[in-house]
Structure formats: structure tokens, C-alpha cells
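Inspection log for the structure reproduced underneath, given as C-alpha cells.
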Amino acid sequence: MDEEVGVIDGGWSSETIRLAVWLSGQVSFEQATQILNQVGRISISASSIWRRTKKWGNALLAQEARERAIANAMPSREQPQSGECKHNKPMGFSLDGWMVHIRGDGWKEVKSATIFEVKQREIRDRKTGETVERATATASSYIAHLGGPELFGEKLWAEGQRRQLHTAYEKVCVSDAAHWIWGLCEDYFPEAEQIVDWYHVLQHLHAAAAALCGEATDKARQWVDAHKTTLFQGHAARIAHLLETLASQHSSEVARKLLEEAGFFRNNQRRMRYLEYREQGWPIGSGTIESACKQFQSRMTGPGMRWSRPGAERMLALRAIILSARFHDCWRALQNSPAF
């Protein structure tokens, strides 16, 4: 929680303040107080940590705004600017949303993104036992925004420029099929390959099976097993046609659900060429951003947590740079900034 309580300046060292702010991005202010006392015998109140975090979070948001303004002033988004060169390092990004409770407004969506490098690593195939190469997301960084897609898109572009995503010859967006995600992808990184997360697609295949055969039945599982290979091979249009045909043979409620799922597969078929993506060395799952959302939630959606909007925005910025392993660099930069 981020109660705005009265505090006094305790005169702690810069290192103590840095550690307290870092802890506040990991655990609640009360827990940060307990950890500092138990581990370092440092006596600092939760309200004092809150005040220091508020000051530093505001400075971080101001720095973000400056960087966003500079990045979005670029005349062209996909083309390298003066002094920039295209690079051959494959990169990707994923987007998703999650909910946080805002005092006075209720539950609101936080849009989050991760930008990463794509590297191949050897794994053992569970079915064949053979060692194969699979694409892996590495060196991930994160952003988050409480609000609509417009400002979030500007943040995505600024972080993409910092990571040189815009100058990668090869890039991919792996996400669920939300319309706002593909809209931002088209607006900011239209050269990126678009892939619907494989596990999200399987959920839709299971939903169709449940409509046909009943929820979580053996018959439904067998139906999914019979058709997911077709889907993996890139034949989403065949799945859509099958569901449309089956819809014509069933009652109105079942037909409605089947046609809904058929529309999903037909509308996204160009983003479902999974065998081809694997062969090209792209990841087909969005586990990186799903994990990131859970890590944001672990700090901000604990029992009874309610945030003011400014408090949530500050914590999102702080949590993002901690997850991105950038906290200590950002701390030093802001400490040396005249605006801090």
C-alpha cells in the first residue's frame, strides 16, 4: 500500500536510502522496514521509506518522460537515424495486461511489455529424447503503464530505441491476440513478425473442444490432440473451416461458440505458422511477459493493497527498472542529475 502519512527526515546515508528504495520495489514498505532492521540493524520507519521512494519515483517518472519525448520526436520510427546502423542480432517483444486496484477507481488494467534478445539454446525434446535447438528470450527489459495504449506505445518506442530494437534486421512480437497489441505493433514496429502465443491458441482450441464435447472430458482432450498438429503445422484456416462446418450441425449456443472460435483462428491465421516460426528460430510462446506480469503483481496486488494512481505509477516505474536489472545504474544517474 502507499498511504500518504506524515514523515520526518531521519538523516540516513545515501547507501541506506538506496537500499531502502530498492527494497520497497521488492516488498511492501512495512516488510522493507523489517528486513532492514533484522538484517542490517537499520532502524527506519515504513513512512520514511515511503517518502524516499516517492521522491525517487517522481524523479524516475520525470526522467522517463524526458526520454519518451526525445524518442518520439524522431521523424521516422523504423528507419535508423544519423549514426545508427542496422544490426543482425534477432530481437523480440511481447505485450500483455494485468489488473491493479486503484483507490476510488477500482480495478484498472496495467499494460506491460518486455523487450528481449532471441538466442538459441539446446534442450532435450520430451517426446523424442533428442537434443534440439529452441529459441529463448534473454537480456529482457520491461516497461509498464497504467492507462491506455497511446502513452504506452510511446513508452514502448522509447524503450525499443534504447534497446536498439528498431534497428534489428529481424524482430518478432509474440503475444496474445488482443487488438490493441497488434495495433501498437503495426504503429511502432511494422517490420516485426507477428506471432500469437502458442499456448494462448491452444486455449482457444480447448474452448472449441469444450463446446463440442463438454468441459474437461476425455473426448474433448482427444479432439484437441487430433487437431493441434494441424494447427502447429500452420493450417489455422483448416481449423476455422472445420469449426464453421461443425457449427452448422449444432444448436444455437454451441454454434455461437464454435463460430466465435472459428473467427479467432481465421482472423489470426497469418500469425499461426508455428512450424515455420520454429524453423526460422523464433520463440512461439509469450512466457517471458506472462512471468513479468506476475512479478509486477507480486509487489502490487497483495492482500488488501490499494494504490493511489500516482503511487501506482511510481511503483510501476520502480518495479520495471528492478526487473530490468537497471536499478543501480538509474540510481547513480539520477543522483548526479541536477533535477533530482
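At most 12 non-hydrogen atoms from other residues, nucleotides or ligands lie less than 6.0 angstrom from CD of Glu215.
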Please determine whether side chain to side chain contact (heavy atoms under 4.5 Å, CB included) holds for the pair Lys155 and Arg68, giving the CA-CA distance in whole Å, both sets of side-chain angles, and the decisive distance to 0.1 Å.
CA-CA 6 Å; Lys155 289 187 176 184; Arg68 189 172 68 249; 3.9 Å; yes
What verdict does the side chain to side chain contact (heavy atoms under 4.5 Å, CB included) test give for Trp98 and Ser112, after you've listed the backbone C-alpha separation in whole Å, the side-chain angles of each residue and the deciding distance to 0.1 Å?
CA-CA 8 Å; Trp98 53 278; Ser112 300; 2.8 Å; yes
Test side chain to side chain contact (heavy atoms under 4.5 Å, CB included) on Ile181 and Ser175 and set out the steps.
CA-CA 8 Å; Ile181 291 178; Ser175 294; 3.7 Å; yes
Test salt bridge (Lys or Arg N to Asp or Glu O under 4.0 Å) on Glu67 and Arg162 and set out the steps.
CA-CA 9 Å; Glu67 293 173 352; Arg162 189 187 71 82; over 6 Å; no
Could you give me the CA-CA distance, side-chain angles and deciding distance for Glu290 and Lys294, then say whether salt bridge (Lys or Arg N to Asp or Glu O under 4.0 Å) is met?
CA-CA 6 Å; Glu290 292 174 9; Lys294 291 177 182 177; over 6 Å; no
Would you check, one step at a time, whether the test side chain to side chain contact (heavy atoms under 4.5 Å, CB included) holds for Leu151 with His145?
CA-CA 8 Å; Leu151 187 55; His145 174 63; 3.3 Å; yes
Give the intermediate values and the outcome of ring-ring contact (aromatic ring centres under 6.0 Å, His included) for residues Trp157 and Phe152.
CA-CA 9 Å; Trp157 172 244; Phe152 179 68; over 10 Å; no
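With rounding to the nearest 0.5 angstrom, the CD atom of Glu117 is 12.0 Å from the OG1 atom of Thr136. Atoms CD1 and CG, on Ile239 and Leu231 in that order, are 5.5 Å from each other to the nearest 0.5 Å. To the nearest 0.5 Å, atoms CH2 (Trp107) and OG1 (Thr301) are separated by 6.0 Å. The NE2 atom of His166 sits 8.5 Å away from atom NZ of Lys86, with the distance rounded to the nearest 0.5 Å. Here the CD1-CG distance, from Ile143 to Leu95, works out to 7.0 Å after rounding to the nearest 0.5 Å. Rounding to the nearest 0.5 angstrom, the gap separating the CD1 atom in Ile195 from the NE2 atom in His200 is 14.0 Å.
Looking at Lys171 and Glu191, a side-chain N of the basic residue comes within less than 4.0 Å of a carboxylate O on the acidic one, giving a salt bridge. Electrostatic pairing of Glu122 and Arg134 does not count as a salt bridge here, judged by no charged N lying under 4.0 Å from a carboxylate O. Electrostatic pairing of Glu64 and Arg66 does not count as a salt bridge here, judged by no charged N lying under 4.0 Å from a carboxylate O. Comment: Lys257 engages Glu261 in a salt bridge, judged by a side-chain N to carboxylate O separation of less than 4.0 angstrom.
When atom types are taken as modelled, the side chain of His250 and the backbone of Leu246 share a donor-acceptor pair closer than 3.5 angstrom. In this structure, Arg319 contributes its side chain and Gln295 its backbone to a donor-acceptor pair below 3.5 Å. The backbone N or O of Thr245 lies less than 3.5 Å from a partner atom in the side chain of Ser248, making a donor-acceptor pair. In this structure a side-chain-to-backbone donor-acceptor pair under 3.5 Å is present from Gln120 to Gly281. His87 places a side-chain N or O within 3.5 Å of a backbone atom of Gln164 that can act as its donor or acceptor partner. Remark: side-chain polar atoms of Gln31 are paired, donor with acceptor, to backbone N or O of Ser28 under 3.5 angstrom. For the pair Ser324 (side chain) and Ile321 (backbone), a donor-acceptor distance under 3.5 Å is absent. For the pair Asp96 (side chain) and Ile289 (backbone), a donor-acceptor distance under 3.5 Å is absent. A donor-acceptor pair is defined here as one N or O able to donate and one able to accept, closer than 3.5 Å; no such pair exists between the side chain of Thr53 and the backbone of Ser24. Without hydrogens or angle criteria, Arg103 side chain to Arg306 main chain gives a donor-acceptor distance under 3.5 Å.
By the 4.5 Å heavy-atom criterion applied to side chains, Phe265 and His204 are counted as neighbours. No side-chain heavy atom of Lys89 sits less than 4.5 Å from a side-chain heavy atom of Glu170. Taking the side chain as every heavy atom from C-beta outward, Ile49 and Thr33 approach each other to under 4.5 Å. Residues Phe189 and Leu156 have side chains in contact (heavy-atom distance under 4.5 Å, counting atoms from C-beta outward). Annotation: side chain of Arg270 is in contact with side chain of Arg273 (closest heavy-atom distance under 4.5 Å). Looking only at side-chain heavy atoms (C-beta outward), Gln280 and Glu193 come within less than 4.5 Å of each other. Counting heavy atoms from C-beta outward, Ile284 and Phe232 have side chains that approach closer than 4.5 Å. Using a 4.5 Å cut-off on side-chain heavy atoms (C-beta onward), Arg221 and Asp218 make contact.
Minimum interatomic distance between His227 and Leu205 (heavy atoms only, all atoms of both residues): C-CD2, 4.3 Å. Gly285 and Asp197 get closest at one heavy-atom pair: CA-OD1, 3.1 Å. Of all non-hydrogen atoms in Leu323 and Ala292, the two that sit nearest each other are CD1-O, 4.3 Å. Annotation for Met300 and Val100: closest pair O-CG2, 3.8 Å, computed over non-hydrogen atoms. Nearest approach of Tyr188 to Glu154, heavy atoms of both residues: OH-N, 3.5 Å. Residues Trp182 and Cys173 share a closest heavy-atom pair of CZ3-SG, 4.0 Å.
Aromatic pair Trp22/Trp331: ring centres not closer than 6.0 Å. Taking the six-membered ring for Trp and the full ring otherwise, the centers of Phe93 and Phe116 sit at least 6.0 Å from each other.
Follow the hydrophobic side-chain contacts under 4.5 Å out from Ile102 and you reach Phe296 in the same cluster. Linking Ile, Leu, Val, Met, Phe, Trp and Tyr residues whenever their side-chain heavy atoms come within less than 4.5 Å leaves Trp198 and Ile123 in two separate clusters. The hydrophobic clustering, which links ILVMFWY residues whose side-chain heavy atoms are closer than 4.5 Å, places Val118 and Tyr199 together. The hydrophobic clustering, which links ILVMFWY residues whose side-chain heavy atoms are closer than 4.5 Å, places Leu212 and Leu202 together. Ile322 and Val27 fall within a single hydrophobic cluster, where Ile, Leu, Val, Met, Phe, Trp and Tyr side chains are chained together by heavy-atom contacts under 4.5 Å.
The aromatic rings of Tyr277 and Tyr274 sit perpendicular, their planes meeting at an angle over 60°, well past the 30° parallel limit.
Geometrically, Arg299 engages Phe29 in a cation-pi contact, judged by NZ or CZ lying under 6.0 Å from the ring centre and within 45° of the ring axis.
There is a side-chain donor-acceptor pair under 3.5 Å between Ser48 and Ser45. Counted by atom type alone, His328 and Arg18 present one or more donor-acceptor pairs between their side chains at under 3.5 Å.
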